[in-house]
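In what follows, a single structure is set out as structure tokens and then discussed.
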Amino acid sequence: MLKFIVKRLLISIVILFFVMLIVYTLMHSLPTSYVERMARELATKPGSQKSAAQWLVELNAQYGMDKGVIPGFFVWIGQAIKGNFGDSWYYSIPVVDEFNKVIWNSFYLGVAAFILEIFIAIPLGVVAAKKQYSVTDYSVTVVSLIGISLPTFFVATVLKLIFSVKLGWFEISGMRGRDFASLTEVQQFFDVASHFVMPIITLTVISIGGLMRYTRTNMLEVLNSDYIRTARAKGLPERKVINHHAFRNTLIPLVTIMGGSLPGLFAGALITETLFAIEGIGFASYHAMISGDIPFTMFYLSFMAILTLLGNLIADILYAVVDPRVRIN
Amino acid sequence: MEKKKINIKILSFLKEKKEQIFNKESNYISAKESAKISRKNRKITNQIEKQRKRRNIPENEYITQMKNAENVVEFDNVHTYFFTDIGTVKAVDGVTFDVPYGKTVGVVGESGCGKSVTSLSLIQLVQRPQGQTVEGEIRFNSGEKVYNVVKTPERIMQTLRGNDITMIFQEPMTTLNPVFRIGAQVEEVLLLHNKDMTKEQAKEKTIALLELVGIANSERVYRNFPHELSGGMRQRVVIAMALACDPKLIIADEPTTALDVTIQAQILGLLSDIKGKINSSIMLITHDLGVIAEMADYVVVMYAGRVIEKGTAKEIFKNPAHPYTVGLMRSKPVVGRKVERLYNIPGNVPNPINMPNYCYFKDRCEKCIEACNGDYPPEFQLSETHFVSCYLYDPQLKEGESK
């Protein structure tokens, strides 16, 4: 197993290198160039001595864009290995600082939604499969389909209407209350938590449908298999047949999905974050990207690539944990 | 000109085919009809399920008496239907036979004749809610009480399954749960039905069981996963599981179908060995007449959900009475007998939806007589143990002939 993990890690490094190369090349060839825009801006400033073209040459040298794609990439990666990711062009502070500022908001949002998703969708899927074609099954299916089909902004708006406008339980958007500064630490925590409730509900509502359908399908497949009949023929109570024999087998495909959702926890949710004015990574990376902020985007996308590769590795390891047939001795 | 003629020919041929397809009493039904059937089915099955799911079903509803104390199981006019969207499939339609203590009863018949459904009805594992035993009694003698398993509530059935009635399924490659170790799967039955057994005792017993079914390195197999064993080994494990609680009856549903011939012989030998050791009855379901000849004391021949002939193995093999049984015997290759081409019974098993009320085998039978156009033939007794459902053996008709 250890050998397998080491091998996978080594392969991952190679993949990561090429992923970063591709991202860098793409960023470099984007029509939106941060440097060009800066040059134009500086040239139109009152009292500017140089033309836009002159500014461009100067700024290119300053930002390290004059070396061409491949050498530029190696300069970047050389620095990145040392842990120096440079300053963000758009946010004009070190990339890591900006990232650190926003990532945790997104992470808490993602983790909470993910945990809720698992604890709601999987049991619902199991119940729906257990009572196939019953009223329960149909209602669960309909609800999950509604969840899949509704756009985020619609769910968010409806939630805002019900819980902020009508009931007044939560504030309509933002991360902190007006009197945040005057609160004690515990109260501050609850203040932020209450602002996160609606975004978390939004994310959960739109994500449970898929996982629930997936669980239901897999559970149905497992329930129709011969070994479930054997388990019943042993005289096991139905509860044990489902929760022990069937569920362990349903876990096998589910694990792959859950391992794959690791990067999703850090990816942020652009629309939800924007709607609820949460300073998260989805929002930050979107603005960095559209303004051509190469250092920030490179850092963010490499981080995501690492998480994706790690997620796949974790899925593979978990796969071996739940399915003895793929264990390597 | 020539071409046109051919075209017309083709067209008329197609038209004819189309008419054939639509006019035949085919399975084709419209969506409306299907919905109607489905609604009706749901009404019936819901009612049965409701009846079954009542709390505290009084004991007198499912405790009965055996007709003959020497039997362990008595099937009495059992009807198991499947309520599907295209109609009711009468998979088992009035099956009556007994399984005596300590004997092996072979159930034969071609695929889809209701053998497996009969056995699943006995342990009440027919796919619900579509599949229901709607009529008849299946009496099972557990030693202390006699249960009518059709009416027995699920809670009680669970104490019988795996304990008094066990089942060996036909596909050893898929009957074991792939994610649990062999030991855990066998132990599970032991711990479930013997409440006071400790883990250590269960492990000891499991290893003993694995040895009993002829697994040499039982200690290692105990820790193996199913995918690490061959088909024959897995079937042995399944048999060990079936034997774990010294059952009164073992249902073997085509236990050797998926295995190669040498393993087949070993497994059959094992079954008959063990039967002697723990003195239980076996209900052996197969379509392999060779297996029946070797193992069975009594034979039940099924066709399209009904028993058409039953008797001792000797009677059935020496003088098969029903034309279908005769056909079955003839279509079995015999070593040393030279035939140009192996016999096969013409035609197919009839569609189980909307069965006509005459002998189901009539359309394929070579010995049809006039009486065959009448109602479904009743059972005629040929000897004390030999019964057949065929008008050829109607004593009244015979009398008429001799006059």
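Heavy atoms only: backbone and side chains are in, while hydrogens, waters and symmetry mates are out. Letters go in sequence order (proteins before strands), and every chain restarts at 1. This one's a predicted model, so the numbers in the text were calculated from it and none came from an experiment.
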(message) Which atoms of A:V222 are under 4.5 Å from chain B, going by heavy atoms: the side chain, the backbone, both sets, or neither?
(response) neither
(message) Below 4.5 Å, heavy-atom pairs only: which of B:L125, B:T159, B:T166, B:I168 has the largest tally toward chain A?
(response) B:L125
(message) Between A:E273 (side chain only) and A:A269 (backbone N and O only), is there a donor and an acceptor less than 3.5 Å apart?
(response) yes
(request) Anything under 30° is parallel, anything over 60° is perpendicular, the rest tilted; go ahead and classify A:W104 against A:F107. (result) perpendicular
(request) Please examine the side chains of B:Q124 and B:T152, heavy atoms only from C-beta on, and report whether any two atoms are closer than 4.5 Å. (result) no
(message) Quick check on B:E154 against chain A: is it the side chain, the backbone, both or neither that has a heavy atom closer than 4.5 Å?
(response) neither
(message) What part of A:L236 gets within 4.5 angstrom of chain B, counting heavy atoms only: side chain, backbone, both, or neither?
(response) both
(request) Please flag which part of B:R181 lies under 4.5 Å from any non-hydrogen atom of chain A: side chain, backbone, both or neither. (result) side chain
(request) Salt-bridge test for B:R52 and B:E49: reply yes if a basic N is under 4.0 Å from a carboxylate O, no otherwise. (result) yes
(request) Answer with yes or no after comparing the ring centroid distance for A:F196 and A:Y108 against a 6.0 Å cut-off, counting only values under it. (result) no
(request) Examine whether an atom of B:T174 lies under 4.5 Å from a heavy atom of chain A, and if so say whether it belongs to the side chain, the backbone or both; otherwise answer neither. (result) both
(request) Give, as side chain, backbone, both or neither, the part of B:M241 having an atom under 4.5 angstrom from any heavy atom of chain A. (result) side chain
(request) Before accepting this row, confirm whether a basic side-chain N of the pair A:E238/A:K130 lies closer than 4.0 Å to the acidic partner's carboxylate O. (result) no
(message) For B:L192, which atoms come within 4.5 Å of any heavy atom of chain A: side chain, backbone, both, or neither?
(response) side chain
